[in-house]
Amino acid sequence: MKRESINAVAQATEPGVFIDGAWRQGAGAPLELVDPCSAQPYARVSSASAEDVDEAVAAAERALRGWRSTSVAQRGERLERIAQGIEAHAGELVELQMRCNGKPRFEAELDVSDAAGTFRYYAQLCNEGHVVERAPVALPDAAFEADVRHEAVGVCALIVPWNFPLVTAAWKLAPALTAGCSVVIKPSELTPLAERALVDIVTAADVPAGVVNLVTGGREVGAQLASHRGVAKVSFTGSTAAGQAVMRAAAARMQRVSLELGGKSALIVFDDADLDEAVELAFNGAFFNAGQMCSATSRVLVARALHDAFIDKLVALARNAVVGAPHTADVRVGPLVSAAQRERVLGLLARGKEQGARVLCGGAATQDAGFFVAPTVCTSVAPDNVLWCEEIFGPVALVRAFDTEYEAIALANDSDYGLVATVVTADAARAARVSDACEAGTVWVNAPQVIFPQTGWGGRKLSGLGRELGPWGVRAYQEIKHVIRARTSATHSPQS
Ligand code: NAD
């Protein structure tokens, strides 16, 4: 979609439902999309009714048999074409991400290259023979032979949040297609445009009609889809509360679930760390995507010897960071996605201050019309302070001193969540010990939050269930079946 046509969207209600290879208007109430930089509406998208959801699932069921029986090589070829399609439309996808989320250009560009890289990775897994759907199983009894099959689980509901719409959709769709599943995507009601564009790219890559369907809408559309009897698996990314609702609903029919939920992660800076490097890592860990990251390392633990100097540098960096709309020169921090999200963050800050937190910088909305909150650094945040315990999902860093490695690990793990951790130290042995001790799905050592499609993604405790990306991402969309055959006679006793 070109920039002019993005603006033209404001005039009309765009179709929000894609079923069996065709766009159409959903029969639900239209959604008005609001520009987070100006608080002005800029687009209307129709949303799905309950009948639309039923039809989308039915289309995916019809397409499933054909898609799951394609060869892995055929799927790999389509995945590579999708990667190329994303690259060919990179400029438009970057603009859409900036438009929907107000992301700075460099962040929107990272999202688009991540999405293309994810499809290319799964294409390569297919083409290089790493997606094994059938393998012999060695048995201790020569009278039998067996093989294991990894079969497509069935129709999958892919439920996507607003913070990384394109990336999250890619992390779900690429492995689901690799596994031979058909899908219904449900984008966030706040940011559905990138997934709409992705569906067009998928169609142009010759993925058969009905394999990928999309329904736009709010949580009621997500809830109907997640508990639909035609859906075999739900892959959900979003808040822990909604993830728990999905898991409860799935219990009724034992639907498979993968849940990528909230976080409250720690960045640990030891006294031998390079101070400037540590401050830069802390800044990005808390303020990238305006802090709207499940992986935000908002709890910053600093060795007491470095604590005061660290605070001075982090506060200076936060105060000087340019906050603004994507086209603002040198912008580093964009807006929050919605007025509701801004009010939620400001409400948590107000409660945190009442409970004793000291705000050293930021702590308030900026003067702009959009949903901007200034990068905020707090100290004196007790472990039972709401800011320390709850996911904030805004640009807020909490800094706390520690005295020993043991205390740092205990503080890092003292959370209901367990998504990621970052360790900053010059001591390789210490880095290894702390990485081992962290209760998290990913640990970065002296590294920014780089994520590769080769490495898995997901968390422990309230951060979710299962892993996306890597070969584990494909297995999450498959069921295991074993076939055991008697070599000699059909009446061979199992005990022999
Ligand atoms: P959410 O969890 O309510 O919504 C995420 C997606 O799930 C959306 O597409 C939504 O329509 C859908 N959904 C909501 N309830 C559902 C249900 N019961 N069944 C099926 N689908 C459902 O998140 P949100 O309202 O967009 O944001 C609220 C909070 O969630 C944020 O403040 C933040 O803390 C957290 N969040 C976390 C992540 C993450 O990556 N971990 C992403 C977005 C939001």
Side-chain angles (χ1 to χ4, degrees), residues 16 28 31 36 45 47-48 53 100-101 111 156-169 171-172 184-192 194-195 214-228 231 233-252 255 257-265 288-296 298 336-349 371 373 386-387 389-396 416-420 441-442 449 451 457-466 468:
L31 302 167
V45 180
S47 72
V53 173
C100 290
N101 291 81
D111 285 3
C156 299
L158 311 183
I159 301 181
V160 176
W162 44 259
N163 54 339
F164 292 100
L166 186 64
V167 169
T168 311
W171 287 12
K172 296 181 186 311
V184 180
I185 302 171
K186 211 294 280 173
S188 163
E189 52 274 43
L190 300 178
T191 57
E195 290 94 319
L214 179 144
V215 289
T216 306
R219 66 184 51 198
E220 64 300 336
V221 172
Q224 188 202 343
L225 181 63
S227 57
H228 201 287
V231 168
K233 153 106 195 185
V234 185
S235 178
F236 173 89
T237 299
S239 61
T240 294
Q244 288 167 326
V246 165
M247 196 168 176
R248 273 193 296 273
Q255 281 166 313
V257 290
S258 293
L259 303 170
E260 207 279 276
L261 309 176
K264 192 72 206 177
S265 300
F288 189 88
N289 211 35
Q292 300 166 114
M293 297 189 290
C294 48
S295 60
S298 58
L336 299 185
V337 75
S338 65
Q341 190 62 16
R342 183 186 55 189
E343 294 324 304
R344 183 175 180 277
V345 170
L346 294 178
L348 281 168
L349 277 169
F371 311 130
V373 171
V386 67
L387 294 173
C389 302
E390 282 194 25
E391 184 176 47
I392 301 172
F393 237 64
V396 182
D416 290 337
Y417 296 97
L419 189 56
V420 303
T442 298
Q449 293 200 359
I451 301 171
W457 184 254
R460 303 189 190 181
K461 303 190 266 184
L462 285 185
S463 291
L465 200 64
E468 301 196 282

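As the structure lists them, so they are numbered: ligands from 1, and atoms in each ligand from 1.
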Flag the pair [X] / [Y] as yes when at least one side-chain heavy-atom distance between them is below 4.5 Å, and no otherwise.
X	Y	result
I392	L387	yes
L158	W171	no
F164	T191	no

Ligand 1 N/O within reach of V160 N/O, cut-off under 3.5 Å | yes
Ligand 1 N/O within reach of G217 N/O, cut-off under 3.5 Å | no
Exam field: side chain [X] to backbone [Y], donor-acceptor pair closer than 3.5 Å:
X	Y	result
K264	E390	yes
D111	L166	no
S265	V420	yes

Those atoms of ligand 1 less than 4.0 Å from some heavy atom in T237 | 5 (C), 40 (O)
Got a protein heavy atom sitting under 4.0 Å from atom 18 (N) of ligand 1?
-> yes
Under 4.0 Å, heavy-atom basis, I'd like to know which part of [X] is in contact with ligand 1: side chain, backbone, both or neither.
X	answer
R344	side chain
A249	neither
E189	side chain
S239	both

Nearest to [atom], what protein heavy atom do you find, and at what distance?
atom	value
atom 24 (P) of ligand 1	W162 NE1, 3.4 Å
atom 43 (C) of ligand 1	P161 CB, 3.4 Å
atom 39 (C) of ligand 1	C294 CB, 3.5 Å
atom 34 (O) of ligand 1	E391 OE1, 3.0 Å
atom 41 (N) of ligand 1	L261 O, 2.7 Å
atom 3 (O) of ligand 1	R219 NH2, 3.0 Å
atom 44 (C) of ligand 1	F393 CE2, 3.6 Å

Is the closest heavy atom of S227 to ligand 1 under 4.0 Å?
-> no
Could you tell me whether ligand 1 has any atom less than 4.0 Å away from a heavy atom of F164?
-> no
Output every pair passing side-chain hydrogen bond (donor to acceptor under 3.5 Å, both in side chains) with a member in residues 233-242, not counting sequence neighbours, ordered by first then second residue.
-> K172-S235, K172-T237, K233-S258, S235-Y477
